[in-house]
Every structure is written in structure tokens, then in C-alpha cells.
Asker: 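Below are the C-alpha cells for one structure; questions will follow.
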Amino acid sequence: MFIVDTSDTYYLDKIYEDMDKLCSKYSDILSMKIIGKSVEERDIIALKISGRKDEILRYAHNDINDDRDGMSHSAQDNSKGETENEKRDSLLGLRMMAPGADLKIKPSVLFTGGIHAREDFSVMLCMKMIDYYCHYYSEAEYYEGYDVRKIIDAVDLFFVPVANPDGLNIVHHGIEASSNYEELKTMHIWGEDHTYWKANANGVDLNKNFDDGNWEIRTCVPGTEIPCSDRFKGFKANSEPETLALVNLCNENHFSLMVTYHCSGNCTFWADSGTHSMFKGLDEKIMDELNKKYIYRKTKVSMDPKIYGCGFENWFRAIMKRPAFCIELSPFVEGGKQHPDYMFHELVWEHAKSTGLFFAEKAAEIGDEIFGDAEKFAALTK
């Protein structure tokens with residue numbers, strides 16, 4: 001029934017093969033696009049789940065308010081007999097009717113995995129969510145309390161499961177497997193062996209390479225000022241092809257929000273001091289709902305751009321002016337290495353499998369929030 005097997009190590013060749021199989025099986029709702037090439041010329045692939053029906057309810061500005069009022073009263077009248085799921089489904093329909101919104105743009109959300117090479121739980125999660133969400137959409141069934149078909153008809157879900165394919169290949173097969181081996185063999189590995197590798201094939205930590213305006217002040221831990229396995233920010237901002245692939249994808253698609261999955265700490269980094277105020281509580285509202293429903297601890301607002309700067313989520317907030325969440329999927333391990341791959345189901349899937357649907361609903365809400373009060377959210381609509 002399902003294509004993706006995450007019972008143990010999920011190798012790059014099998015991931016690419018499964019992408020093809022999924023797109024073939026669910027060709028009516030799942031598409032694939034090469035958004036860039038890695039240092040070693042591997043494809044960086046985005047997959048998009050888009051419903052068979054583009055059923056965003058579109059009304060003129062004045063009509064929306066009337067219809068929203070009427071539907072709101074109806075929802076109140078019937079609330080006693082509604083389940084929590086039915087109420088949420090009604091609200092999802094309402095949230096798609098944002099006054100003043102660009103009626104040509106369907107809400108969308110981006111999920112990214114594998115930015116850090118050794119964190120392949122994030123890759124496994126993205127691939128498995130694609131598999132399950134497409135299945136439950138096709139069967140018109142609920143999954144974990146979510147009406148999958150209704151959500152996907154209303155919101156496009158984009159996934160970049162492997163943002164750093166060269167790095168993943170190094171983790172699985174060693175630096176000898178890299179076409180850039182002559183350069184890599186001179187670089188310091190912060191850890192026991194290649195399985196601790198975090199960077200791309202240039203020795204650049206991609207999550208310290210995004211040009212969010214803080215690259216010049218972003219500090220390097222002593223020893224990471226040059227290419228290595230972990231924490232080198234690059235010789236300039238946006239220097240890496242993998243970084244640019246994600247930047248270009250975001251610039252082309254205007255995502256309502258973004259989620260990047262990592263693997264250490266069972267927590268969520270949801271805000272930074274450089275952008276938090278412009279969201280006027282919208283980011284924290286989503287974070288609090290996530291924290292209530294899932295195991296991922298709410299962290300404090302990241303305060304020092306010399307420490308937090310140049311991450312993908314920080315860039316997205318600063319440049320795209322939309323909320324972004326970095327979810328650490330599994331318990332912390334000393335030294336930073338991920339738990340064994342065979343523990344994915346227990347540590348990650350059982351807890352995170354519906355997060356994609358949760359954030360898709362939030363993507364629908366955001367348009368309503370922002371365009372419903374353009375004065376309040378002026379910093380987001382300029």
C-alpha cells in the first residue's frame with residue numbers, strides 16, 4: 001500500500017527511486033521539479049501535492065464579509081453538535097476567504113528536510129508524509145483527525161526532502177564516495193568519522209549560509225572559519241548551490257509559511273529578535289498551538305543574530321516576511337549525531353506524522369489573519 005520504507009537507513013538512490021514511484025502512482029496530485037543542482041551535480045528536487053480541485057472560495061470583498069458573518073452564525077448555532085474535526089473543517093473553509101487577498105494565489109506551505117547531512121530523520125519524515133498524505137487524499141479518508149482531501153484541495157504542500165544530497169551521500173558512504181574527495185580529505189571532521197558530517201560537499205554548513213542580513217556578523221566557533229564537516233558559514237552569503245536552490249524556490253512561490261526539519265532536541269525554534277515583532281503575535285499563536293498538540297518544546301525567542309543568523313528559517317522570516325519554524329524531531333544526543341536510523345518510527349514518525357497537515361491548516365489561516373487586518377500586519381504586506 002505504501003512505497004516509502006523507513007525501517008532502517010534510507011539511501012539516496014532509493015529516495016530518488018521512491019520519488020519517481022510516488023509521482024507515477026499519484027500523478028493526478030503529485031508533481032516533481034528539479035529546483036537546482038548540488039555541488040556534485042545531483043538533482044535537488046521539490047515535490048508538490050496539489051488537490052484535484054482548486055476549491056478556494058472566491059468572492060468580492062463586500063460579499064466575503066456577508067458570507068463570513070452568515071457562516072459564522074451558522075457555525076455557532078450548530079457548534080453543540082459538531083465534533084472538533086467538523087469545527088476545524090468549517091473554519092478551514094472560512095479561512096480561505098481572506099478579504100483583500102490576492103485571489104489568484106492559493107495558500108502554500110514548504111517543508112524542507114536534509115539541510116544537515118547527518119540528520120536523515122528529516123528526510124525520512126518528508127518522504128513518508130508525502131506517501132501517506134497522497135494515499136489518504138486518494139482514499140478520501142481522514143488521517144490522525146485531519147480531513148486530508150479538504151486540506152490539500154485548499155492548500156498546496158511543497159516538499160524538498162533532501163536539500164543536501166551530497167552531504168547525505170557522505171554520511172552514508174564516506175568522503176571517499178564524494179567526487180570532491182581530494183578537497184574533503186583535508187577538512188576537519190568534528191566527530192569520530194564521516195557519519196558526523198553536517199555540511200555540503202564544499203564543507204559549508206548550509207544553515208549558516210543564507211543571506212538574512214546577518215552573515216557578516218555571524219560568528220564561527222574556533223576551528224570552523226574554514227571548510228569542515230560542521231558550522232563553517234561559507235566564504236560569502238548564499239555561496240552554495242543548495243542554498244540558492246531554496247532561495248529561488250521561495251522567491252518563485254510566495255509560501256504562506258515554511259517548516260524546516262532538523263533532528264536534535266524535541267523542540268521548535270519559532271522566532272528571532274530581528275523579525276518577531278513584525279508578526280504581531282501570529283508566529284507565537286501558531287507555536288502555542290503546535291506546542292499544545294505535539295511534543296516539540298517551545299523555545300525562547302532567539303536573541304543574538306551573531307548566533308542565530310543565516311539559518312534558512314531566519315532568512316525566510318526576514319526576506320519572505322512570513323512565519324518559519326525549525327522543528328528538532330528527536331531527543332538530543334551528545335556530540336550532535338542523530339539516533340540510529342532504525343529508531344525513526346519510535347522517535348519521530350509516531351510524533352510528527354501529522355505535522356504537515358497541521359502546518360497546512362496554519363498556511364490557510366495566515367492569509368486570513370494578514371489580509372484581514374492589513375493595517376496591523378503592514379510590515380508583512382509591503
Side-chain angles (χ1 to χ4, degrees), residues 19 22-23 26 29-38 43-56 58 95-96 98 101-115 122 126-127 129-130 133-134 137 151-164 206-207 209-212 238 240-261 275 279 282-283 286 311-326 355-371 377 380-382:
M19 288 179 179
L22 287 165
C23 286
Y26 300 109
I29 59 170
L30 183 64
S31 58
M32 180 194 307
K33 180 181 179 180
I34 297 171
I35 61 170
K37 295 283 187 178
S38 67
D43 292 340
I44 302 171
I45 294 174
L47 296 104
K48 175 185 176 184
I49 307 177
S50 188
R52 298 189 190 106
K53 301 177 182 178
D54 187 3
E55 290 188 336
I56 303 175
R58 308 179 190 278
R95 289 162 184 157
M96 300 311 299
D102 185 342
L103 299 181
K104 295 180 180 179
I105 297 178
K106 183 180 179 182
S108 59
V109 56
L110 172 63
F111 302 97
T112 306
I115 284 180
S122 62
C126 284
M127 290 296 294
M129 285 195 297
I130 294 168
Y133 297 174
C134 286
Y137 181 95
I151 291 170
I152 292 175
D153 279 342
V155 182
D156 288 339
L157 281 65
F158 287 73
F159 294 83
V160 180
V162 194
N164 181 10
L206 298 176
N207 218 38
N209 189 241
F210 288 86
D211 188 6
D212 66 345
N238 285 359
E240 302 309 295
E242 298 90 349
T243 306
L244 289 174
L246 292 174
V247 167
N248 292 336
L249 178 68
C250 292
N251 285 331
E252 292 168 3
N253 287 281
H254 307 288
F255 299 113
S256 304
L257 64 79
M258 187 276 290
V259 181
T260 177
Y261 291 110
T275 58
F279 292 112
L282 180 60
D283 52 353
I286 296 172
F312 185 30
E313 66 275 18
N314 310 105
W315 173 88
F316 190 90
R317 296 176 197 136
I319 306 303
M320 304 312 296
K321 298 184 178 181
R322 291 293 182 269
F325 300 84
C326 171
T355 56
L357 299 170
F358 169 85
F359 280 110
E361 284 195 335
K362 299 305 115 179
E365 292 179 20
I366 284 173
D368 189 39
E369 291 268 359
I370 293 173
F371 293 104
F377 294 105
L380 307 183
T381 56
K382 291 179 181 177

Asker: So, do Met127 and Met19 sit near enough that their side-chain heavy atoms are less than 4.5 Å apart?
Answerer: yes
Asker: Can you check side-chain contact (heavy atoms from CB on, under 4.5 Å) on Val162 and Ile45, steps first, answer last?
Answerer: CA-CA 7 Å; Val162 194; Ile45 294 174; over 6 Å; no
Asker: Determine the minimum heavy-atom distance between Thr355 and Tyr133, stating which atoms define it.
Answerer: N-OH, 4.0 Å
Asker: For residues Ile29 and Cys134, determine if any side-chain heavy atom of one lies less than 4.5 Å from a side-chain heavy atom of the other.
Answerer: yes
Asker: Taking the inter-plane angle between the rings of Trp315 and Phe312 on a 0 to 90° scale, is it parallel (under 30°), tilted (30 to 60°) or perpendicular (over 60°)?
Answerer: parallel
Asker: Compare every heavy atom of Ala360 with every heavy atom of Val155, then report the nearest pair and how far apart it is.
Answerer: CG2-O, 3.5 Å
Asker: What pairs with Phe377 under ring pair (Phe, Tyr, Trp, His ring centres under 6.0 Å), at least two apart in sequence or on another chain?
Answerer: none
Asker: If we only count heavy atoms from C-beta on, is the Ile115 to Asn164 side-chain gap below 4.5 Å?
Answerer: no
Asker: Of all heavy-atom pairs between Gly356 and Leu157, which one has the smallest distance, and what is that distance?
Answerer: O-CD2, 4.3 Å
Asker: Give me the atom names and distance for the closest heavy-atom approach of Cys250 to Phe255.
Answerer: CA-CE1, 3.8 Å
Asker: Please examine the side chains of Lys37 and Ile44, heavy atoms only from C-beta on, and report whether any two atoms are closer than 4.5 Å.
Answerer: no
Asker: So that I can tick it off, tell me whether Asp156 and Lys48 are bridged by a salt bridge, with the cut-off set at under 4.0 angstrom between side-chain N and carboxylate O.
Answerer: yes
Asker: Which atom pair, heavy atoms only, marks the closest approach of Asn253 to Ser108?
Answerer: O-OG, 4.0 Å
Asker: How long is the straight-line distance from OG of Ser50 back to CZ of Phe158, given to the nearest 0.5 Å?
Answerer: 7.5 Å
Asker: For the pair Glu252 and Lys33, find out whether any cationic side-chain nitrogen is under 4.0 Å from an anionic carboxylate oxygen.
Answerer: yes
Asker: Roughly how far, to the nearest 0.5 Å, is OG1 of Thr275 from CG of Asp283?
Answerer: 7.5 Å
Asker: Evaluate Val247 against Phe210 for side-chain contact (heavy atoms from CB on, under 4.5 Å), listing each step before the verdict.
Answerer: CA-CA 8 Å; Val247 167; Phe210 288 86; 3.9 Å; yes
Asker: Measure the shortest side-chain to side-chain distance between Leu246 and Thr112 over non-hydrogen atoms and say whether it is less than 4.5 angstrom.
Answerer: yes
Asker: Which value, rounded to the nearest 0.5 Å, describes the distance between Cys326 atom SG and Asn207 atom CG?
Answerer: 6.5 Å
Asker: Looking at every non-hydrogen atom in both residues, tell me the closest pair between Pro323 and Phe279 and how far apart they are.
Answerer: N-CE2, 3.4 Å
Asker: Would you say that Phe358 contacts Ile286 through its side chain, given a criterion of any heavy-atom pair below 4.5 Å between the two side chains?
Answerer: yes
Asker: Donor-acceptor pair, Arg322 side chain versus Leu257 backbone, under 3.5 Å?
Answerer: no
Asker: Could you tell me whether the side chains of Asn238 and Thr243 share a donor-acceptor contact shorter than 3.5 Å?
Answerer: no
Asker: Using only atom types and a distance under 3.5 Å, with no angle test, would you say the side chain of Tyr137 pairs donor to acceptor with the backbone of Arg52?
Answerer: yes
Asker: Flag the pair Asn248 / Ile35 as yes when at least one side-chain heavy-atom distance between them is below 4.5 Å, and no otherwise.
Answerer: no
Asker: For Phe111, what residues pass the ring pair (Phe, Tyr, Trp, His ring centres under 6.0 Å) criterion, not counting sequence neighbours?
Answerer: Phe159
Asker: Which value, rounded to the nearest 0.5 Å, describes the distance between Ser256 atom OG and Glu365 atom CD?
Answerer: 11.0 Å
Asker: Find the distance between CG (Leu282) and CG (Leu380) and round it off to the nearest 0.5 Å.
Answerer: 7.5 Å
Asker: What's the spacing between Lys362 NZ and Leu357 CG if we round to 0.5 Å?
Answerer: 12.0 Å
Asker: Any non-hydrogen side-chain atom of Pro161 less than 4.5 Å from a side-chain atom of Ile130?
Answerer: yes
